[in-house]
Structures are given as C-alpha cells and as structure tokens.
Amino acid sequence: MPINSFDDYPMSWKPDIEKRMGPLYKTIAQQLEDDVREGILTPGTRLPPQRELADFLDINVSTVSRAFKLCEQKGIICSTVGNGTFVASDAAADPFLLSEKKLSDIIEMGPVFPSKNSNEIIAAQMEKMITKPDFPELFQYGRINGTLWQKETAAKLICRAGYDVQSSQVLLANGAQNAIMAVLAGLFHAGDTIGTCEFTYPGIKTAANMLEIRLYPIPSCDDEEITAENLLYACKNGNIKGLYVIPDMNNPTTHTLSEASRNAIADIARKEHLIVIEDAIHSLLYDTPRIPIAVRAPERTVYISSLSKVISPGLRMAFLAVPESFRQKLTEALYNMNISVPPMMAELVCQIIVSEDAGKIIEEHRNENRQRNNIVDRYLKNYDVRGVPEGIMRWLILPSHITGEAFAASAYQQGVHVYGAECFAVGNAKSVNAVRLAVAAPGTREQLADGVQLIKKMLDETCADY
C-alpha cells in the first residue's frame, strides 16, 4: 500500500500496483485501460491530477506522466489545458465499427453501402475497357500522379461539386481513407494536433492514432455550426496545426456547414496558417453544390473527392486537389504508401466519368436515397431524426435517459444494427445521446422499413417508461 493516506480522500481513480510486472508506467497504463474497458472508469470521468496520483502511489510524477501519455496515444484518455485529464468519450468504442458477432437475421443499418442498382453500368464500362487493344498495358505500374488525361478527368468531377480546379492540382489516391492517411503523414508530424468536429468519421481517428497525431474536438453550437470563436479558441489553446472537416452531410451528424461557417474557417485558416482537410465525400449528392471551403482558401486547403459513397464503394479511388506548396510532400507520401494507384482502376473510373455514366449513377443514388429517407420520415416523424433527403445516413437524437451505446446494444439484440454516438466521439467531446442510422444500407427498402419500425417500437417503449 502507498505510505500516504488517501483513505478518505475523494479520488476518482485509485489504482493498485502491488502486483505490478514490468515497467511501472506500463502497469499503470494497463490498469487504466483495463478499468475503462471493464466499465470501472466511464467516459468523461475526470482523472486525478498527475501529482496527486503520484503522491497516492508514492512514486515519481514522471512515471504517472509516462503512463498517461501512453494512454493518450491510444485514445483512452484526453487532456485539455486548464481542465485536466478525462477518460475519452469514445474510449470503450470499437474504432472499426465492427461487431464481434453477427446474427443471421440482423437488419443492417450500421455500415453505409450505396445502392447496387448501378453496378451493371459499371460492369458494362469494364467490358468495353477489356476489349481495347491496349488493355494489357493496364497491368503495369502506373505513373505516380496518374496521367494528364486522368487528372483532367478528375478535375471535371471535382468541378461538379463546385470547385473549379486545374489538372496540375490533382493527385490520385486509393480511396478517401488512403488520401487522408497520406495528408496526415505528408503534412503533419507525430505530436501535432488537428481540430475536428466533436463527432466525426472514425477513419480520421484511426489514422491519427497510427501516426501519433492528436485530435482536438471543437465544440459546436446547438445548431452544430463551427463558430469562429470556437475555432480560434482551438488554435490558441489546443495549438492545432490543421482542421479536418466534412462540410456536406457530416458523418455522423448529417449537418451541412453554413456559408458563414465556411467563410470563418477559410479566414482563420489564412490568419492562423491552418491546413484544412476538406473531405467532400458526400458533396456530389447535392443537386446544387455548396461552395467548398477550398474555393475560399485554396492555398490552405487539401480537397478530397471520393467515389465510394456517390458511385460505388468498390471503386477505390479518390482525387486530391492540393495547393502547389503541398504538392511535393503529398506526392512523396502517396508514392511511399502506394507506389501508384492501380492503372486499371484509374482507367475504369475515368471512363465512367467522361462517359457521363457518373452523373447517371449519382442521380440514381439520389433518387434511391430520397425514397429510403421517406421511409425513415414516415415512421420516425415524431422523433428528432436529422438528415437531408439525398443523404445516406440519419442522426437520431435519443431520449435523455438512454445513451447511444446502450440503445445500439439493445437494438442489436432485437435484430437491427446501428451505431451509437460514442463510436464517433473525439476525445472528451460533450455527451450526446444519439445513434447513426445508415439509410443507404445493404438490405432492401422493405428490410429498411422493418428496421425503422423496430427502432420506432423501442423509442415508443422507452419513452412510455419515463
């Protein structure tokens, strides 16, 4: 036992290190991780100050600091200047959003999959490509940055989303996640901090964790807008070097940033020398494109356009529009990660774009999404379920007495798979009781209707109990 008496002292965590094995800081870190996983320490719990914990354990404060740093790198805890250290909101969430077991009759509304209705169009383009005499050449290595024709084609697609770029600005990547990883590896360093929304795409979390880059959750207002005040606070107090944002139909909250927020981000990026990572993965789903942040601050923004959610998830291709000052570093990062994008995939994607099949497929997805969202609106009209008709997901706000994690677990037992808000939380993000519903899900519309009705039944029952 520690020689100092803390028997009656109100500490939130009192680890036992008597049976320690190996380095002491690793023992403390492992016990902290175990206590979080087992629910002894819940998300949002404020941990004792490092010096206080060191006094309790009768050890050097540097040992506690090493343990906390290790846990912070794993995303288990987070600290904010002047507020202390907390158990991260998503500490117990599965970063890959995968369940360990599957029920044979589960209705899938967790992962997002665009409709398969357009796959035949893609297959037809592939058949045409195979008949061309130069098809065997596509099995060789491709150029690092793609061909001029491929970059010009990519620029045309990006232009549809409201960003008029030159082909010289375009780089090719193997999907949006690959592009994000390249941006983090090429433009940031271990120990850097990047701002994000409080609830965001889990892929940025796993990528940042791998590269030891910290994410800083930027609080939003009640209308989910990123304000100039909060972004400036993150610059000054979080020392952020960049900002990752999905401006259109944010994953998971479905929120689309206003023009005022986009202007504020662009202005602050210039003044504070921030690198903005604009993930435009959903932008093409809008009939009328919103003006991207990249248009307002092209010299500070890396714009990422991907095909997985607007055309087909099997087309692992993304296009980056980058400022000249970032081009060399990003080219090197992509080369080190990929050598090149597969020439056959690049050729197929570009053929789909230039043939106007891309526009047809996107419109088909919009129409399918509208019909699926009508199903959600019909059954959940009495609840706060956010999203737009063209969107591929909805954000369901739950009654205050049930967490997203608890609702998702209960829903799974009843036969429908959804994701709780905790899966998307960044660091010590404020608590919100919500779940994400995948509208563009693998099943049919009828299966979606069955899933939504199960969710409605759960909501009706839980509200009746209170």
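Every value quoted in this text rests on a predicted model; they were computed, and no experiment measured them. Residues: numbered from 1 along the sequence shown.
- With salt bridges taken as basic N to acidic carboxylate O contacts below 4.0 Å, none links D384 and R394.
- Interatomic distance, I204 CD1 to T200 OG1, rounded to the nearest 0.5 Å: 7.5 Å.
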Let me see the working for N250 and T253 under side-chain hydrogen bond (donor to acceptor under 3.5 Å, both in side chains), right down to the final yes or no.
CA-CA 6 Å; N250 177 55; T253 66; 3.0 Å; yes

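- A salt bridge links E368 with R372: the distance from a Lys NZ or Arg NE/NH1/NH2 to an Asp or Glu carboxylate oxygen falls below 4.0 Å.
- Of the options D357, V349, I130, a side chain to side chain contact (heavy atoms under 4.5 Å, CB included) to Q125 is made by D357 and by none of the others.
- Taking the side chain as every heavy atom from C-beta outward, L171 and L334 approach each other to under 4.5 Å.
- With hydrogens and angles ignored, the 3.5 Å screen pairs a side-chain donor or acceptor of K205 with a backbone N or O of C423.
- Under the 3.5 Å distance criterion, the side-chain polar atoms of N230 are left unmatched by any main-chain donor or acceptor of I226.
- S261 pairs with exactly one of H255, E225, E224 by the side chain to side chain donor-acceptor pair (under 3.5 Å) rule, that one being E225.
- Remark: the backbone N or O of G142 is paired with a side-chain donor or acceptor of S340 at under 3.5 angstrom.
- Taking the six-membered ring where the residue is Trp, W395 and F424 present perpendicular rings, their angle passing 60° and hence far from 30°.
- With a 4.5 Å cut-off on side-chain heavy atoms, M393 and T254 count as touching.
- From E332, atom CD reaches atom CD1 of I144 across 9.5 Å, with rounding to the nearest 0.5 Å.
- Not one N or O on the side chain of Q31 forms a donor-acceptor pair closer than 3.5 Å with the backbone of I28.
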How far apart are the C-alpha atoms of E364 and K116, what are their side-chain angles, what is the distance that settles it, and do they pass the salt bridge (charged side-chain N to carboxylate O under 4.0 Å, His left out) test?
CA-CA 10 Å; E364 283 194 18; K116 299 178 182 179; over 6 Å; no

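- A side-chain donor-acceptor contact under 3.5 Å links S115 to the backbone of N117.
- Under the 3.5 Å distance criterion, the side-chain polar atoms of R300 are left unmatched by any main-chain donor or acceptor of A266.
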